[in-house]
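In the text below, chain A, chain B and the rest are named by the order of the sequence lines, each starting its count at 1. Heavy atoms only: backbone and side chains are in, while hydrogens, waters and symmetry mates are out.
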Protein chains: 2
Amino acid sequence: MSHNSEQEDHDLPVEGNSVSFSKTRREHSTEIMEDYVEAIADLIFESGEARVVELSRRIGVTHVTVTRTIDRLEKAGYVICPPYRAIFLTEKGNALARSCKERHQIVVAFLHSLGISEQTANLDAEGIEHHVSTETLQAFKHHLALLHKVTL
Amino acid sequence: MSHNSEQEDHDLPVEGNSVSFSKTRREHSTEIMEDYVEAIADLIFESGEARVVELSRRIGVTHVTVTRTIDRLEKAGYVICPPYRAIFLTEKGNALARSCKERHQIVVAFLHSLGISEQTANLDAEGIEHHVSTETLQAFKHHLALLHKVTL
DNA sequence: TCCTTAATGTAGCCTATGCTACATTCTGCA
DNA sequence: TGCAGAATGTAGCATAGGCTACATTAAGGA
Ligand SMILES: [Mn+2]
Ligand SMILES: [Mn+2]
Ligand SMILES: [Mn+2]
Ligand SMILES: [Mn+2]
């Protein structure tokens with residue numbers, strides 16, 4: 001997380017191609033946080049509260065992994081997690097969850113609009129969403145809007 | 001790499017949503033290899049050989065990181081790397097490089113066809129490519145083919 | 001109320017992927 | 001032919017994100 005990332009040191013001149021790889025690495029360091037806050041928001045909406053066990057079932061990792069990730073989320077200011085209690089989203093966490101959920105839905109809808117099956121759209125979107133820039137997201141939205149008009 | 005991934009243990013019942021997260025995690029464990037073999041193939045094509053320094057410039061990490069990743073690639077049978085010499089692709093490595101390059105180009109072309117700038121298309125594709133299933137890749141190709149026809 | 005059991009916490013292990021600092025080897029030019 | 005500097009190798013450190021095994025706490029039914 002606290003890596004240099006954009007280096008202009010003597011060892012690592014930033015050269016054309018490396019920019020995209022840096023971007024991808026940067027996105028990878030935030031995508032787990034994004035998926036967690038989104039899942040937490042979903043759980044709160046669906047069942048009133050987000051518990052570690054339930055999160056671990058959703059995400060498919062052990063409760064230990066969830067606990068340590070939640071620690072990081074707490075340090076980063078996205079959640080509050082009192083011992084033996086549920087996980088609560090901060091305002092910052094809620095904002096992130098909202099924008100991630102919206103982006104997720106747009107990506108799914110876009111893939112679906114290309115004729116991709118619901119199943120595959122959902123599977124692929126979970127990974128793709130984290131690498132979609134604002135410009136690309138806008139293009140997806142635009143495409144969906146066009147389709148909507150044509151279908152009328 | 002050697003994690004269970006698809007678990008049917010008592011602790012971790014596979015539940016609907018977790019499948020997509022597992023898929024994403026699986027893809028992350030292979031994407032660095034994919035980007036490396038592709039970059040190695042490019043370097044060999046462009047300058048006759050792939051050296052660690054040049055790779056480290058391309059990818060934007062130190063030569064140490066490259067060296068250790070190359071070790072893993074060698075153990076996995078994608079490259080051969082004699083001490084103080086260049087990096088050579090095995091048949092397996094060459095095959096992977098080819099299919100990654102093709103996929104990469106399709107993703108870039110597809111994004112570009114949505115009106116996304118060349119720059120952004122290149123940036124986003126570097127991350128998106130690894131999360132595109134066969135079905136989605138086919139849909140991208142199909143979309144491009146349609147556009148091609150319309151443009152004629 | 002108590003006690004079983006589910007949920008949560010903690011210790012300790014692993015791999016992947018970054019880094020710096022330093023050692024070694026190669027290579028091209030004087 | 002030597003040697004300076006570039007390339008490569010290696011030691012050691014950090015963090016993220018997986019895991020198992022075991023300890024502790026909370027909650028609900030008998
Ligand atoms: Mn996701
Ligand atoms: Mn998501
Ligand atoms: Mn990714
Ligand atoms: Mn890539």
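Counting only heavy atoms from C-beta on, B:R25 has its side chain closest to D:dG18 among D:dG9, C:dG18, D:dG18. Side-chain atoms of A:T62 lie closest to D:dT20 of the nucleotides D:dT20, D:dA16, C:dT17. Looking at the side chain of B:I32, the nearest of the listed nucleotides C:dT17, D:dA7, D:dT10 is C:dT17.
A:R85 and A:E49 are not joined by a salt bridge, as no carboxylate oxygen comes within less than 4.0 angstrom of a charged side-chain nitrogen.
Between the side chains of B:T136 and A:D124, at least one donor N or O sits under 3.5 Å from an acceptor N or O. Side-chain contact check for A:E135 and B:T120: at least one donor-acceptor pair (N or O, by modelled atom type) lies under 3.5 Å. One side chain, A:H104 or A:E129, offers a donor N or O that lies under 3.5 Å from an acceptor on the other. In this model, a donor atom of one side chain and an acceptor atom of the other lie less than 3.5 Å apart for A:D35 and A:H130.
A heavy atom closer than 4.0 Å to some atom of DNA chain D occurs in B:P83, B:Y84, these being the qualifying members of residues 79-89 of chain B. The stretch residues 123-131 of chain B does not touch DNA chain C, since none of its heavy atoms comes less than 4.0 Å from the strand.
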Practice task
List the steps, then state whether ring-ring contact (aromatic ring centres under 6.0 Å, His included) holds for B:H143 with A:H143.
Solution key: CA-CA 12 Å; B:H143 188 268; A:H143 188 268; 5.7 Å; yes
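Under the 6.0 Å cut-off for aromatic ring centres, B:H28 and B:H131 qualify, their centroids lying closer than that.
At C:dC19, one or more side-chain N or O atoms of B:T65 fall inside 4.0 Å of OP1 or OP2 (strictly under the cut-off). The shortest distance between the side-chain N/O atoms of B:R68 and the OP1/OP2 oxygens of C:dG18 is not below 4.0 Å. In terms of phosphate contacts, B:T69 brings no side-chain nitrogen or oxygen within less than 4.0 Å of OP1 or OP2 of C:dA16.
Heavy atoms of A:R51 sit under 4.0 angstrom from primed sugar atoms or phosphate atoms, though from no base atom.
Between A:Y78 and A:L89 there is no side-chain heavy-atom pair separated by less than 4.5 Å. Counting heavy atoms from C-beta outward, B:I40 and B:I70 have side chains that approach closer than 4.5 Å.
At whole-Å resolution of the value, CD in A:E34 and P in D:dG17 are 12 Å apart. Rounded to whole Å, the distance from CG on B:D71 to P on D:dA11 is 12 Å. We find that CD of A:E74 is positioned 10 Å from P of C:dG9, with the value rounded to whole Å. One atom, CD1 of A:I70, and another, P of C:dT10, lie 14 Å apart when rounded to the nearest Å. Separating the NZ atom of A:K75 from the C1' atom of D:dG17 is a distance of 14 Å, rounded to the nearest angstrom. Rounded to an integer number of Å, the gap from NE2 of B:H28 to P of D:dT15 is 22 Å. Here the P atom of nucleotide D:dC22 and the NE2 atom of A:H63 are 14 Å apart, to the nearest Å. Nucleotide D:dT8 holds its C1' atom 15 Å from the CD atom of B:E54, rounded to whole Å.
Test B:T69, B:I80, B:I87 against B:E74 for side-chain contact (heavy atoms from CB on, under 4.5 Å) and you get one pass: B:I80.
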